[in-house]
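Below you'll find the structure, written out as structure tokens, and then a few comments.
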Protein chains: 4
Amino acid sequence: MVLQAQEQVKKDKKKYLSEKALEMIVEKGLSNFTMDDVAKSCGVAKGSLYTYFKNKDALIISAFGNLVERLKKVITYEDIKSTDTAEEKAKYFAKTYSQILSDFPSDQFMRLFEILINSTHDQKMMQDLTEIFTDYYKSLLQVWESLFKSKSKALLFQAMFDGLAMYKAVGVSLPPEEFESTFKEIILKIAK
Amino acid sequence: MVLQAQEQVKKDKKKYLSEKALEMIVEKGLSNFTMDDVAKSCGVAKGSLYTYFKNKDALIISAFGNLVERLKKVITYEDIKSTDTAEEKAKYFAKTYSQILSDFPSDQFMRLFEILINSTHDQKMMQDLTEIFTDYYKSLLQVWESLFKSKSKALLFQAMFDGLAMYKAVGVSLPPEEFESTFKEIILKIAK
Amino acid sequence: MVLQAQEQVKKDKKKYLSEKALEMIVEKGLSNFTMDDVAKSCGVAKGSLYTYFKNKDALIISAFGNLVERLKKVITYEDIKSTDTAEEKAKYFAKTYSQILSDFPSDQFMRLFEILINSTHDQKMMQDLTEIFTDYYKSLLQVWESLFKSKSKALLFQAMFDGLAMYKAVGVSLPPEEFESTFKEIILKIAK
Amino acid sequence: MVLQAQEQVKKDKKKYLSEKALEMIVEKGLSNFTMDDVAKSCGVAKGSLYTYFKNKDALIISAFGNLVERLKKVITYEDIKSTDTAEEKAKYFAKTYSQILSDFPSDQFMRLFEILINSTHDQKMMQDLTEIFTDYYKSLLQVWESLFKSKSKALLFQAMFDGLAMYKAVGVSLPPEEFESTFKEIILKIAK
DNA sequence: AATGAATGAGGCTTCATTCAT
DNA sequence: CATGAATGAAGCCTCATTCAT
């Protein structure tokens, strides 16, 4: 019992450190943040980070794991399953994605892409990340698929959203209402 | 005459070095390639790089400048202007983009995004890059716009393509024919 | 208690490193000594120096701060204040300065000038150094002033000594007794 | 004849390069100026400098040789030899040195000391410089000696002046008139 | 003689990781 | 477990000097 409680404490601290690490990554960029940065922002000694994470990569993975976890919660399609007409579905999609685009910190999206891109040349890293992202994308695509009855279209539309998220991260974006109405119009035309 | 010839030689060498640098960036990643790498792959001394580029950033900028230049040549929409029906336009778009997706090294696309993302926290760099990319995207979007008569749609479709390019870079892609037909279908439906 | 002890240890080590740095500066010259030199002579890794000093300049400043501190201790005029006649004062001055000239490593004096000269074109450095030297010279000049009742004369005599110190550093010097008697004679004639 | 003319041309150019080099040294400091700086300011290629000077040190030596040459011309004691009374001599000394202190660029004085100090740890350099300076100081000291009938006093007074010149270089100086009158007063008292 | 591109040794600094306390 | 000083590999950049043209 005591052990379990202690384990929980350790888990919580690990999460706390991961979140602070993500903050630093978002602020300074994936290849510019240092273990020192994280330690300082956490109020712990640098060495302590190594008690919780094998190395810097493990910390990064953990940080992005948390981010994806949070994204999963933000994008819940449970509602859509009950809706009926394509019109309603399209409306829901447009609204939800528009909201994400507006509300979710675009730098965090950006860092998602950054880590994906960066890990291209590191097999071990790529593997760990794939595990994290696979679930996430599988569920996302399933929902699109339920609307379009086509895997290709599902992929294309999710790509459209991700592309836009990236644009926003580098400073190019549409006004939310314009995005919402245009996105809905396009979805609806294709879904029919 | 002689002077002009020598200047040309210098220009050519600069381009050669930029291209080799891009190779290294693509291979190792933007923040993992070193000046040593580039020097070695070019068969010159490290110091020589500094004869041609003020510093590492300047080399990077130059490398990406060349890449975008190459991309501009690949994506020429001169043909499309003469085409007439939406059907033909859509076909042309789908075919061209599909070809790009198949032929153009996807890691290079990826590194385009990488540098954009990475420069987010470096004002000077961001400025230089913006100059490079602005032209490129302006012309791209104009063509889409000529088809859709809508800036928003133009942006969304280019985002779709870029998103897909990124997916491909991290290992997720559609078969070319499937992409081509689906992309064409979607374009056509929206263009009408 | 423990914390204080540790802080003291760190302070001591910083001082130790500064002193070794000064040794290297004196031996090799201000612009020829390297961080490597210092690290090696201290028996620590090069990186460790950066735990104690922000950069090379900070180390240099610290080294000279220590030197001036030591000089301050060597040149204490407390005795002179109690002496009475000009004759006695002159005698004391001549004796003390002669001793300094004989005993104090002349290369160290020289390096004092070297750093002053060298920092002429570095505002930040000049500022830091001014802080260090101001106190030192103020107190020196005050004592001369108490003898001559003239700021100009005080400055001229201190300049005479510094000039001589520099001469010695480049290998030109008078026999101590000759300096002492001549210096005393001159001081006395002017003080009257 | 032609050869002699050519030799003269070469000599002139060497002098020109030396002077430009001195300018750069004064501006940037002995250890911060580069061969590139000199070449650019001379309007020649870097490699050309090596046609005239074996290496950087030789250029420096030459630059300071010229400086001392110029100083020799500025400080001519020919007049003093004819003056008679100590009063007149003192007046002349004070006036001349005051003028030098006011007119002669203090940065150039400073660099004289800089090079002397800097060469302390380079035997070859020290030797070359000694040759240059020996003559200069010998003549200076002779004049002082003619006034004081004492080598020690001669040295002390020249040291006083050099010390002051250095002070001025680092920003500490007396108003010219004050220096002149005080210096004269002191000289006179000692000369009697 | 003049050029200036090329060289490469060498300097400063950063930072992930370790380890004694 | 926590700490943070110590490490040392590795990176960027400078610049005196050389040499083919």
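Atom set for the values below is all heavy atoms of this structure, side chains included, hydrogens, waters and symmetry mates excluded. Order of the sequence lines fixes the chain letters, A, B, ..., with proteins taken first and strands second; residue numbering starts at 1 for each chain. Predicted, not measured: the structure shown is a model, and the values here were computed from it.
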Check whether D:S48 reaches the backbone of D:V44 with its side chain - one donor and one acceptor, N or O, closer than 3.5 Å. no
Indicate yes or no for a side-chain donor-acceptor contact from C:S119 to the backbone of C:I115 under 3.5 Å, with no hydrogens or angles considered. yes
Closest to the D:T51 side chain, choosing from F:dT14, E:dA1, F:dA16: E:dA1
Picking from F:dT3, E:dT18, E:dC15, the nucleotide nearest the side-chain atoms of A:Y50 would be E:dT18
Test item: B:V170 and A:T130 side chains (from C-beta on) under 4.5 Å apart, heavy atoms: no
Atom [atom1] of [X] to atom [atom2] of [N]: distance rounded to whole Å?
X     : N      : atom1 : atom2 : result
B:L30 : F:dC12 : CG    : C1'   : 15 Å
A:Y52 : E:dT18 : OH    : C1'   : 18 Å
D:K56 : F:dT17 : NZ    : P     : 8 Å
D:K54 : F:dT18 : NZ    : C1'   : 13 Å
A:D36 : E:dT13 : CG    : P     : 17 Å
B:F33 : F:dC12 : CZ    : C1'   : 11 Å
D:N32 : F:dA16 : CG    : C1'   : 15 Å
A:M24 : E:dA16 : CE    : C1'   : 16 Å

Would you call C:K124 and C:D128 a salt bridge, taking side-chain N to carboxylate O under 4.0 Å as the test? yes
For C:D57 and B:K10, take the nucleotide of DNA chain E holding the closest heavy atom to each; which residue's nucleotide lies nearer the 5' end?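 By nearest-heavy-atom nucleotide position, the 5'-most residue is B:K10.
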Quick check on DNA chain E: between A:N55 and B:G47, whose nearest nucleotide comes earlier from the 5' end?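 It is B:G47, whose closest nucleotide lies nearer the 5' terminus.
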Does C:S48 have a side-chain nitrogen or oxygen under 4.0 Å from the phosphate oxygens OP1 or OP2 of F:dT7?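 C:S48 to F:dT7 OP1/OP2: side-chain N or O found under 4.0 Å.
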Presence of D:K46 side-chain N/O under 4.0 Å of F:dT14 phosphate oxygens OP1/OP2: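 No, D:K46 has no side-chain N/O under 4.0 Å of OP1/OP2 on F:dT14.
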Pair assignment for F:dA20, Watson-Crick or G-U wobble, requiring both distances under 3.5 Å: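 Check on F:dA20: paired to E:dT3, both distances under 3.5 Å.
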Report the C-alpha separation of B:D37 and B:T34 in whole Å, then their side-chain angles, then the decisive distance to 0.1 Å, and conclude whether the side chain to side chain donor-acceptor pair (under 3.5 Å) test is met. CA-CA 5 Å; B:D37 290 334; B:T34 70; 3.2 Å; yes
If you look at every strand shown and take non-hydrogen atoms under 4.0 Å, does D:K13 touch a base, only sugar-phosphate, or nothing? sugar-phosphate
Where each residue is assigned the nucleotide of DNA chain F containing its nearest heavy atom, which of B:M35 and C:V44 is assigned the position nearer the 5′ end?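 Here C:V44 is the residue nearer the 5' end.
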